[in-house]
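Order of the sequence lines fixes the chain letters, A, B, ..., with proteins taken first and strands second; residue numbering starts at 1 for each chain. Every heavy atom of this structure was used, including side-chain atoms; hydrogens, water molecules and symmetry mates were not.
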There are 2 protein chains.
Amino acid sequence: MAKTTTPPDQNGTKTLSDQAYQRLRSDIIHGVLQPDEKLRVEHLRQEYGVGASPLREALSRLTADGFVTAEGQRGFLVAPMSEEDLADITRLRILLEKQALCQSIESGDDAWESQIVAAFYQLEKVEESTDRDPVEWEVRNHDFHEALIAGCTSKWLRRFYSILYDQHKRYRNIALSTEIPRDLHQEHEELRNAALERDQKRAGDAIEHHILRTAEITQRVLREESLQKKERA
Amino acid sequence: MAKTTTPPDQNGTKTLSDQAYQRLRSDIIHGVLQPDEKLRVEHLRQEYGVGASPLREALSRLTADGFVTAEGQRGFLVAPMSEEDLADITRLRILLEKQALCQSIESGDDAWESQIVAAFYQLEKVEESTDRDPVEWEVRNHDFHEALIAGCTSKWLRRFYSILYDQHKRYRNIALSTEIPRDLHQEHEELRNAALERDQKRAGDAIEHHILRTAEITQRVLREESLQKKERA
DNA sequence: TTCAAGTTATTTATCGATATTTTTTGTAAT
DNA sequence: ATTACAAAAAATATCGATAAATAACTTGAA
């Protein structure tokens, strides 16, 4: 039978709140909206083409996620960034991703193994290509890490991990506006092998080392940036 | 100089959104709003005496916290409860509280020790009194656990732990409408001693054992309730 | 009786408007 | 100059109303 006239799916996501949420989240993670920047609802209205209500709902959710801070009656701000915060996120991400990975190794099946192999292959392709697209790499890297913990059935662990991964990603994006080449491939390979061999200890160490190394570089760039900032003042 | 007429602080918290958020959160945790219950904004408006906007903002935040689920264009629901979810929360709470406790033991100072002793004493008083007020106990229990991890400086660890603690509390409150007496005192004492002696291993084991035991009882009651539910159908 | 289609009714999601609150600007006095 | 105060401007938080979507109900036919 024929439906009325409206298409069932207007724009990928359903509600305007969701759209605003995803776009704001993405813009914060990718540095389009800078840390400590004031989020004026009136201004965002025009920019995003939605009303104040959906925006405020999206901002409320982002507040709970830690991407936005909301002060009393003084509106919303993009969450600040600091070395301490990065260190904090890093430490906790290691704890959670290690846990998720171990659970995954315990209960992962054949399909899980296949996904890891496939995701690693795609990531390898991007890492070894000459013209490395950073956006492409981000996607493949995320897919690989997701594949590793795909066997983890804990809803809450996934929820928290997902937040921390994106928080970490924000630091990477903001700090590495100048891309820094590094030999990640070796770490990814060790991670893949340890997982496929079901060696929890080795995989745990590998993921810890991998995250720590990534964070170190980000932290160094962050420190340099904040030094330059102080010099200007 | 004289201000206009309005008192500067209407009701403890500042915005109506915050008030609605806290009240909804509390009502969900304490079972006033039951799992899977539909949260009709129009109805809540009258009940809480606030407009739709602050309510929707509060519900959005609670969605991010996992106390409420929001489906597409079908409104808000109180988050469901299940044995699997309880097991999930329990496992992750152990991981996080253990971590927070160990960090706390490492960096806790004299004031931290004092707080633990004081909180334990107050908790002891409630536990040993003849007419045990469950609400009083909840507060003292929370204070004690907070005191134990007060030395933990990780903002993110605290944030996630706080959510899990309250999620756990919801299960306790819903399942233990009939209060079940149990010997918690011994476990609390072991926890206190291990912390004061700065024994991370012992404290970690104690907190794990303590949370597991609590969850077991809650789970048993939950199972009985769900069985009774099925019998009626 | 059961199923299906159309209609009514409820409720959600959104927008525009209003009243406070905060921030900024301007002015005068020390 | 600098501080203090007052007035204006901007922006926030909130409410009431409207349009769109879902759910409930009724009716009619197999």
Please list, chain by chain and in numerical order, all residues satisfying salt bridge (Lys or Arg N to Asp or Glu O under 4.0 Å) with B:D85, sequence neighbours excluded.
-> A:K155
Looking at A:E136 and A:R140, does any basic side-chain N land under 4.0 Å from a carboxylate oxygen?
-> yes
Using a distance-only test with no angle check, is there a side-chain donor-acceptor pair under 3.5 angstrom linking A:Y165 and A:N141?
-> yes
Can you tell which of D:dT14, D:dT12, C:dT14 lies closest to the side chain of A:L16?
-> C:dT14
Could you give the CG-to-C1' distance, from A:D18 to C:dA13, as a whole number of Å?
-> 11 Å
Give the rounded distance in Å between these two atoms: CD of A:E71 and C1' of D:dA11.
-> 15 Å
Separation of D:dG16 P from B:E42 CD (nearest whole Å) | 11 Å
Taking OP1 and OP2 of C:dT22, is either one under 4.0 Å from a side-chain nitrogen or oxygen of A:R74?
-> no
A:S17, nearest nucleotide to its side chain (from C:dT14, C:dT11, C:dT21) | C:dT14
Residues passing the side-chain hydrogen bond (donor to acceptor under 3.5 Å, both in side chains) test with B:Q34, sequence neighbours excluded, are none
Looking at residues 44-69 of chain A, who's got a heavy atom less than 4.0 Å off DNA chain D?
-> A:R56
For A:Y48 and A:D27, test the side chains for any donor-to-acceptor distance below 3.5 angstrom and give the result as yes or no.
-> yes
Rounded to the nearest angstrom, tell me the gap between atom NZ in B:K38 and atom C1' in C:dT11.
-> 8 Å
Taking the six-membered ring for Trp, are the ring centroids of B:H188 and B:F144 within less than 6.0 Å of each other?
-> yes
Calculate the interatomic distance between B:R40 atom CZ and D:dT22 atom P; express it in whole Å.
-> 18 Å
Please report, rounded to the nearest Å, how far the P atom of C:dT22 is from the CD atom of A:Q73.
-> 6 Å
